Amino acid sequence: MIRGTILELKEKLAGERHEFASDLLALAEGEAISLYTLPRDGQLGGVPLAARTRCLGYFWAARPYNVYHAVDDAGRTLVAYINLSDRTVITPDLIHWRDLIVDVVLTPDGRCLVLDEDELPPDLDPALLAAIEAARDDLVRDHRTLLAEIEARTAALLATAAP
């Protein structure tokens, strides 16, 4: 199941960069799926997560977002955390993406919460703001379809890892 290690490089709008190493589960043209196991208790989108929770990262060069899918030991969704993003570049060693501040949180009980819109800079380029708003609106409208896609892909990936 694990194909090696991949570096995730997240760049914020202001230029700040964060790097994360995780396991690479799948790699295809314009798409990567990573796995990160939480070393300690934490939270994602306000949802508490226990140490050893598995988080699968779904990245696409052609989609205006990426998804972190946290699952319990049985592979059930705890939370799906969606980062609006652009400039995503995927290579066998690197996932580089720009964080567009606005996030969407999906919970198994059907909640869809939009976060951090108040953090968008007032001088943001109008074309970028329009792209962020369009991506947000699409996600809010189609969040159930996206969650079903992510859950099905996660189940298939985890099934291949079963002994």
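On a predicted model such as this, the values are computed, not experimentally measured, just so you know. Residues take their numbers from the sequence shown, with the count starting at 1.
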Heavy-atom pair of closest approach, residues Ala50 and Leu38:
O-CD1, 3.9 Å
The test is side chain to side chain contact (heavy atoms under 4.5 Å, CB included); show your working for Thr154 and Tyr58 and say whether it passes.
CA-CA 10 Å; Thr154 294; Tyr58 290 84; 2.6 Å; yes
Consider only side-chain heavy atoms of I, L, V, M, F, W and Y, link residues closer than 4.5 Å, and tell whether Tyr36 and Leu94 are in one cluster.
no
Starting at CG of Asp142, measure out to CG of Leu147 and round the result to the nearest 0.5 Å.
12.5 Å
So how far is it from Ile150 CD1 to His143 NE2, rounded to the nearest 0.5 Å?
13.5 Å
Interatomic spacing from CG in Leu7 to OG in Ser34 - rounded to 0.5 Å:
11.0 Å
Does Asp118 CG have over 12 foreign heavy atoms under 6.0 Å away?
yes
Straight-line distance of Leu120 CG to Leu100 CG, nearest 0.5 Å
8.5 Å
Mind running side chain to side chain contact (heavy atoms under 4.5 Å, CB included) on Asp86 and Ile132 for me, showing each step along the way?
CA-CA 9 Å; Asp86 69 358; Ile132 291 169; over 6 Å; no
Is there side-chain contact between Arg63 and Leu146, with heavy atoms separated by less than 4.5 Å?
yes
Identify whether Tyr68 and Phe20 are in the same connected component of the hydrophobic contact network (ILVMFWY, side-chain heavy atoms under 4.5 Å).
no
Measure the spacing between CZ of Arg153 and CD of Glu31 and express it to the nearest 0.5 Å.
4.0 Å
Can you tell if the side chain of Leu13 reaches within under 4.5 Å of the side chain of Asp99, non-hydrogen atoms only?
no
For Thr107 and Asp109, test the side chains for any donor-to-acceptor distance below 3.5 angstrom and give the result as yes or no.
yes
Exam field: side chain Asp125 to backbone Leu128, donor-acceptor pair closer than 3.5 Å:
yes
Per the side-chain contact (heavy atoms from CB on, under 4.5 Å) rule, which among Val79, Val114, Ile82 passes with Val105?
Val79
Note, Leu35 side chain near Leu56 side chain (heavy atom, < 4.5 Å):
yes
With salt bridge (Lys or Arg N to Asp or Glu O under 4.0 Å) as the test, would you mind laying out the steps for Glu117 and Arg136 before giving the verdict?
CA-CA 10 Å; Glu117 288 181 296; Arg136 176 208 57 210; 2.4 Å; yes
Is there a donor-acceptor pair under 3.5 Å between the side chain of Arg54 and the backbone N or O of Asp72?
yes
Nearest non-hydrogen partners of Asp41 and Ala51, listed with the distance
OD1-N, 2.7 Å
How close do Thr160 and Leu157 get, counting heavy atoms only, and between which atoms?
OG1-O, 2.7 Å
If you take all heavy atoms of Leu115 and Gly45, which pair is closest and at what distance?
CD1-CA, 4.5 Å
Determine yes or no for a side-chain-to-main-chain donor-acceptor pair under 3.5 angstrom, with Arg3 supplying the side chain and Ala26 the backbone.
no
Among Thr88, Ile90, Ile33, Val67, the one residue meeting side-chain contact (heavy atoms from CB on, under 4.5 Å) with Trp60
Val67
Rounded to the nearest 0.5 Å, what separates atom SG in Cys112 from atom CG in Leu139?
7.5 Å
Go through Glu11 and Arg17 one step at a time and tell me if the salt bridge (Lys or Arg N to Asp or Glu O under 4.0 Å) criterion holds.
CA-CA 4 Å; Glu11 185 175 339; Arg17 293 173 168 228; 3.5 Å; yes
Which pair of heavy atoms, one from Leu44 and one from Leu49, lies closest together, and at what distance?
CB-CD1, 3.7 Å
With a 4.5 Å limit on heavy-atom distance, are the side chains of Leu24 and Pro92 in contact?
no
Identify, with sequence neighbours excluded, every residue that meets side chain to side chain contact (heavy atoms under 4.5 Å, CB included) alongside Ala62.
none
Test of ring centre spacing under 6.0 Å for Tyr65 and Phe59
no
Is Asn83 reaching over with its side chain to a backbone N or O of Ser85, donor-acceptor style, under 3.5 angstrom?
no
